[in-house]
Amino acid sequence: MTQQSTVLVLGASRGLGFALTKEWLERGWRVIATVRTPSNELTDLGARFPGSLEIETVDVANADSVKALRDRLSGRHLDVLYINAGIARSIEKSPAVADECDFLDMMLVNAFSPVRAAELLGDLVPAGGTIAIMTSELGSIQNANGSWQLYSSSKAALNMLMKGYAAQHAEERHTLLLVAPGWVRTEMGGSNALLSIEESIPLVVDMVEANRGKPGLRYVDRFNATLPW
Ligand SMILES: NC(=O)c1ccc[n+]([C@@H]2O[C@H](COP(=O)([O-])OP(=O)(O)OC[C@H]3O[C@@H](n4cnc5c(N)ncnc54)[C@H](OP(=O)(O)O)[C@@H]3O)[C@@H](O)[C@H]2O)c1
């Protein structure tokens with residue numbers, strides 16, 4: 001019998017992280033999904049897949065919280081570590097008018113914390129495994145058009161930090177993916193977004209699976225197309 005593959009999804013209470021969890025459960029995977037506060041939706045999902053969903057409590061912006069998860073998962077192997085957690089604040093504002101705390105919070109949650117989580121949890125992923133982080137099409141400096149400029153900057157910073165991570169951890173032979181899921185109707189994406197969750201997340205999971213065993217860093221969209229930095 002083949003062993004059940006395992007994915008850890010950081011930030012799975014709702015939106016895209018919840019959908020990733022559901023998609024991988026439906027594909028027969030074991031999922032460790034994290035929340036900051038209890039999510040009834042996730043608990044109900046677990047009841048549909050007995051024994052395959054574990055729910056952990058983690059705040060990615062808190063190093064001790066991530067380290068405590070690392071300790072609880074000691075001895076486990078992750079086929080995929082998927083860092084999804086993210087926030088969007090002051091989305092239509094420029095630096096002259098935005099609350100600077102909004103920008104600092106986004107830099108902490110969207111850029112610094114995901115890469116710190118990769119550093120703290122990456123040794124649970126064996127060679128050949130995958131570390132994926134949710135970035136955005138808006139993180140592309142080349143394609144930037146000024147929309148959501150503070151949020152976009154935090155995703156560009158995430159991409160840059162992952163360049164550093166990839167260089168420093170090349171010998172670990174991980175597949176490293178910066179994933180742009182498209183503009184999706186979630187609390188963050190809003191009701192005007194182009195895509196439903198169902199139009200994005202199954203393709204994202206297909207793309208992650210297609211990149212399995214291909215070490216190195218890629219900035220990719222849900223169709224597995226490489227995006228310009
Ligand atoms: N929707 C889009 O169009 C779109 C496009 C490109 C990229 N993305 C990216 O995709 C990811 C998910 O976005 P979404 O649309 O699903 O947003 P969402 O509906 O607002 O959900 C955000 C998720 O991140 C979690 N989170 C936020 N801060 C966290 C923290 N400090 N620690 C742990 N979890 C935290 C939230 O948990 P709580 O419930 O505890 O707040 C929630 O589960 C984000 O990284 C976002 O930037 C989204």
Side-chain angles (χ1 to χ4, degrees), residues 8-23 31-43 45 55-70 81-91 101-118 120-121 131-140 143-144 147-159 161-162 177-201 203-205 207-208 219-223 227:
L8 166 59
V9 182
L10 284 179
S13 59
R14 55 196 167 88
L16 303 184
F18 177 85
L20 286 168
T21 299
K22 180 164 164 282
E23 184 68 26
V31 183
I32 306 165
T34 79
V35 296
R36 290 192 290 182
T37 51
S39 156
N40 290 339
E41 220 181 340
L42 206 52
T43 307
L45 183 65
I55 301 174
E56 291 279 355
T57 302
V58 178
D59 181 342
V60 297
N62 179 320
D64 288 341
S65 174
V66 179
K67 285 178 190 165
L69 175 70
R70 170 66 190 82
L81 165 59
Y82 203 116
I83 303 164
N84 169 73
I87 57 171
R89 306 271 187 268
S90 288
I91 53 174
C101 290
D102 284 347
F103 183 64
L104 295 176
D105 286 347
M106 286 191 287
M107 291 302 269
L108 177 64
V109 176
N110 295 351
F112 185 87
S113 298
V115 181
R116 177 173 60 192
L120 293 174
L121 299 168
I131 300 176
I133 303 184
M134 209 62 114
T135 184
S136 169
E137 281 82 353
L138 296 177
S140 169
N143 287 345
S147 66
W148 292 44
Q149 65 168 308
L150 302 180
Y151 169 84
S152 300
S153 301
S154 71
K155 293 296 191 177
L158 164 64
N159 292 359
L161 283 164
M162 272 310 278
L177 300 172
L178 285 161
V179 180
W183 186 21
V184 191
R185 291 187 291 277
T186 62
E187 241 173 276
M188 183 188 295
S191 56
N192 291 331
L194 297 177
L195 304 173
S196 66
I197 286 176
E198 296 70 29
E199 287 170 315
S200 167
I201 288 306
L203 291 176
V204 167
V205 173
M207 181 278 292
V208 172
Y219 175 28
V220 280
D221 70 10
R222 65 192 183 283
F223 301 114
L227 299 176

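Every number for a ligand or one of its atoms is a count from 1 in the order of the listing. Being a predicted model, the structure only gives us computed values, none of them experimental.
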### Query
Does the pair I197 and F18 meet the rule for a side chain to side chain contact (heavy atoms under 4.5 Å, CB included), with working shown?
CA-CA 10 Å; I197 286 176; F18 177 85; over 6 Å; no
### Query
Closest heavy-atom contact between Y219 and G139?
OH-C, 3.5 Å
### Summary
Minimal heavy-atom distance between A33 and T21, with the atoms involved, is CB-OG1, 3.8 Å
### Query
Are the side chain of T34 and the backbone N or O of E56 linked by a donor-acceptor pair below 3.5 Å?
no
Quick one: side chains of residues 180-190, donor-acceptor pairs under 3.5 Å with protein atoms, not counting sequence neighbours, listed by atom name and distance.
from : atom 1 : to   : atom 2 : distance (Å)
W183 : NE1    : G189 : O      : 3.0
R185 : NH1    : A193 : O      : 2.9
R185 : NH1    : L194 : O      : 3.4
T186 : OG1    : M188 : N      : 3.2
T186 : OG1    : G189 : N      : 3.0
E187 : OE1    : R14  : NH1    : 3.2
E187 : OE2    : R14  : NH1    : 3.4

### Message
Residues around ligand 1, heavy atom under 4.0 Å from any ligand atom, sorted by chain and number. Can you pull those?
### Response
G11, S13, R14, G15, L16, R36, V58, D59, V60, A61, N84, A85, G86, I87, V109, M134, T135, S136, Y151, K155, P181, G182, W183, V184, T186, E187, M188, G189
### Message
Has K155 got a side-chain atom pairing as donor or acceptor with M134's backbone, closer than 3.5 angstrom?
### Response
yes
